[in-house]
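Below is one structure, written out as structure tokens; comments come after it.
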Amino acid sequence: VITQCGHTYCARCVMSGKIKDCPMDGQELALVVENIALREQIGGLMVYCKFGCALKEGGEKVFTGQACTDKITFHERKVHEAQCPWSIVPCPNSEECGTLLARDLTEHLVECKHATCENVKYGCDYKGTSGEVGTHEEDCKFMVVRGVIESFRCTIDNLVVEVSKQNKQIKELRKAVLVMEQESAQRDRKLDLKLASLDESQSHCNTSLNETRQMVNEISTEMNNVQSQLGLVGNIEQHVFKCKGTFVGHDGPIWSMASSGDLLFSGSSDHTIKIWDTLANFTCLKTLQGHEGMVLALCVSNGVLYSSASDNKICVWDIKSYRLLESFSAHSNPVCTLAANDSYVFSGSLRVINVWDVATFQVVHTIDNLNHWVRALVIKKNKLYAGIYQAIKIWDVTTFESERIIDIKGGSVYSMVVTDSWIICGTYEKGIQMHSMHNTRESHVLTGHSGTVYCLGFYTSAGHTRLFSGANDRTIKVWNVDRKIPSQTLDRHQGSVCCLVVSKGKIFSGAMDSTIKVWQ
């Protein structure tokens, strides 16, 4: 840089204050302007890459020619040295590998035995070569934990956005309050005039409201007359579901529910199953403890409650005494879904369905070689329906012979209901698909959700058939099955709706917000 005295010095020396006075004329050094011409001359000098040089005694660097032999300009040296194949770099997998040349890094990473699974941040401690890690990741059991955490992260991100909005509103309100305080005296003087104007406006509004009501009544009467003439009266669905109450008690998201009579059972991330009285005041009658992981599935059959969890176990409970009858390890991965009939309990996990004898709780049959997680199982008239990735498979439960495969578009099947006429499933990619039980060519797609459809319920009353769907978008949709259109959206939950139960004219929904809501 050029200093105030007109001489040129190293910028670092001048800025550090090590030299305070000019050695040439004794004047105080002060930075004036950069010496661009000199900088360009120095920058254009040809130098050797530092990875081709070595230190001699006395600290002098000399070119050896034993490594990098490139010559570059002084300006280009940092860019070159950052990319030089002779540079010394650490192994990104582990400090135990030490350092190595950049040019050898790619070959080293293929053989390095310290590569980690991509699910390491979710608890997986597997290590091996890159090829071994790739094979491990295909079946890593921490994928379920990853899905749950990512779902939590989505919820947290939404909360952060909401908090940010609230903070912004608070700031705006504070600013408004400050302005109001500053203008308080002036507003007091104008208050009487505004009140008088308000009284006059209210009078006009009341008059307009009465006129509008009269017009609405006249239009309604006219519409009823038209409907009566056209024969439409009684054919239009009028039922509207409303929230009648909320169950609170779980300390984590609610993943599963089942019902029996007036009892509702709910399973949660808090490792417990709660039993609720749905007849009187929605109180918790009992809390069952037997699992060491998230309770992912519940089903009831012949007075017995079956539960499964991320601890890979199935527990068997007596409904009347609330007593644990049996507990056993069912799979080598989390048990995502259950179904039962008089003879068997069916459990779904990663790529496999196990069939258990209800008397001995021993495996009597295994359906394996499936393509992905089994997240939905349904028993209907001696048929087993299983939802997997891009397909629904159907077996005869008396012979365990495969009878039909239905191709599904939209990724993994997360939920399913089966009626006398339809096989209906909810998918990862936000859709609901209806496939005819009798005509293999007839199918329909219901759209409306903006997230994965986690649960489905079916209900027929007063001649109307309704389908209920809960999704990751925090809503429950009510569908007119005959018309294939949504008739109502229920949005009282603050988290993803994970499970639904239809019982005695009531709809129960469990969600990530740790609550169960009752709709009727």
Side-chain angles (χ1 to χ4, degrees), residues 117-119 122-124 126 134-152 154 253 255-256 267 269 291 293-299 306-314 329-339 345-356 363 365-379 384-395 402 405-418 423-433 451-456 470-472 496-499 512:
C117 174
E118 66 176 4
N119 296 316
Y122 302 108
C124 182
Y126 183 84
T135 302
H136 161 78
E137 288 174 350
E138 294 179 0
D139 297 323
C140 181
K141 65 181 181 180
F142 285 89
M143 287 296 290
V144 173
V145 178
R146 178 179 179 178
V148 173
I149 292 177
E150 288 177 353
S151 181
F152 276 132
C154 179
W255 294 103
S256 54
S269 288
H291 285 291
M294 298 178 292
V295 183
L296 300 175
L298 297 171
C299 77
Y306 301 94
S307 63
S308 66
S310 60
D311 59 7
N312 308 345
K313 294 195 305 183
I314 294 177
S329 179
H331 290 269
S332 58
N333 288 287
V335 186
C336 300
T337 181
L338 294 171
V345 178
F346 302 84
S347 59
S349 184
L350 179 60
R351 299 180 180 176
V352 66
I353 299 171
N354 281 339
V355 185
W356 307 84
V363 174
H365 188 73
T366 296
I367 302 172
D368 53 13
N369 295 322
L370 301 174
N371 62 12
H372 210 267
W373 287 96
V374 182
R375 292 187 172 93
L377 290 174
V378 174
I379 295 289
L384 174 66
Y385 301 79
I388 53 177
Y389 179 73
Q390 301 278 49
I392 294 175
K393 290 194 172 185
I394 306 171
W395 294 268
S402 177
I405 299 176
I406 302 174
D407 291 330
I408 300 296
K409 295 180 180 179
S412 293
V413 174
Y414 272 74
S415 52
M416 183 166 48
V417 292
V418 180
I423 303 168
I424 308 172
C425 67
T427 67
Y428 174 79
E429 295 182 4
K430 313 171 187 178
I432 300 171
Q433 298 186 29
T452 300
V453 182
Y454 286 134
C455 48
L456 294 171
N472 189 47
S496 302
V497 181
C498 302
C499 48
M512 294 284 287

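In this text the structure is predicted, and so the values were computed from the model without any measurement. These numbers come from the heavy atoms of this one structure, side chains and all, not from hydrogens, waters or symmetry mates.
Under the side chain to side chain donor-acceptor pair (under 3.5 Å) criterion, Asp311 pairs with His291, sequence neighbours left out. Ser269 pairs by the side chain to side chain donor-acceptor pair (under 3.5 Å) definition with Trp255, not counting sequence neighbours. Partners of Ser496 by side chain to side chain donor-acceptor pair (under 3.5 Å), not counting sequence neighbours, listed by chain and number: Asn472. With sequence neighbours left out, the side-chain contact (heavy atoms from CB on, under 4.5 Å) criterion links Lys393 to Leu370, Ile388, Trp395, Ile405. Under the side-chain contact (heavy atoms from CB on, under 4.5 Å) criterion, Ser412 pairs with His372, Arg375, Tyr389, Tyr414, sequence neighbours left out. Every residue two or more places apart in sequence or in another chain that forms a side-chain contact (heavy atoms from CB on, under 4.5 Å) with Ala330 is listed here: Ile314, Phe328, Val335, Trp356. Residues passing the salt bridge (Lys or Arg N to Asp or Glu O under 4.0 Å) test with Glu150, sequence neighbours excluded: Arg146. For Ser402, there are no side chain to side chain donor-acceptor pair (under 3.5 Å) partners, not counting sequence neighbours. Taking the ring-ring contact (aromatic ring centres under 6.0 Å, His included) definition, one finds that Tyr126 meets it with His136, sequence neighbours left out. Partners of Tyr306 under the ring-ring contact (aromatic ring centres under 6.0 Å, His included) rule, at least two apart in sequence or in another chain, do not exist in this structure. Considering only residues two or more places apart in sequence or on other chains, Leu350 meets the side-chain contact (heavy atoms from CB on, under 4.5 Å) condition with Asp139, Asn333, Trp373.
Between Ile379 and Leu384 the shortest side-chain heavy-atom distance falls below 4.5 Å. Side-chain contact between Cys425 and Ile408 is present, with at least one heavy-atom pair separated by less than 4.5 Å. Side chains of Ile406 and Ile394 form a contact here, defined as non-hydrogen atoms less than 4.5 Å apart. Between Asn312 and Pro334, some side-chain heavy-atom pair lies under the 4.5 Å cut-off. For the pair Pro253/Phe152, a side-chain contact is recorded, criterion being any heavy-atom separation below 4.5 Å from C-beta on. Contact check for Phe346 versus Asn354: no side-chain heavy atoms found under the 4.5 Å cut-off. Annotation: side chain of Ile424 is in contact with side chain of Ile432 (closest heavy-atom distance under 4.5 Å).
For the pair Met512 and Cys498, the tightest heavy-atom approach, listed with the atom from each and the gap, is CG-SG, 3.7 Å. Nearest heavy atoms, Gly431 versus Val453: O-CG2, 3.7 Å. Here the shortest heavy-atom pairing between Cys336 and Ala297 reads O-CB, 3.6 Å. Shown here for Met416 and Gly387, the closest heavy-atom pair between the two residues is CE-N, 3.7 Å. Of all heavy-atom pairs between Asn119 and Cys140, the closest is ND2-SG, 3.4 Å. Here the closest heavy-atom approach between residue Ser307 and residue Val295 is recorded as CB-CG1, 4.4 Å.
Side-chain atoms of Thr337 come within 3.5 Å of backbone N or O of Leu377 as a donor-acceptor pair. A donor-acceptor contact shorter than 3.5 Å links the side chain of Glu137 to the backbone of Glu118. At distances below 3.5 Å, at least one donor-acceptor pair connects side-chain atoms of Ser310 with backbone N or O atoms of Met294.
None of Thr366, Val374, Ile367, Asn369 except one satisfies the side-chain contact (heavy atoms from CB on, under 4.5 Å) rule with Val352; the exception is Thr366.
The line from CG of Leu296 to OG of Ser256 is 7.0 Å long, rounded to the nearest 0.5 Å. Atom CZ of Arg351 is separated from atom CG of Asp368 by 11.5 Å, given to the nearest 0.5 angstrom. Rounding to the nearest 0.5 angstrom, the gap separating the OG1 atom in Thr427 from the NZ atom in Lys409 is 12.0 Å.
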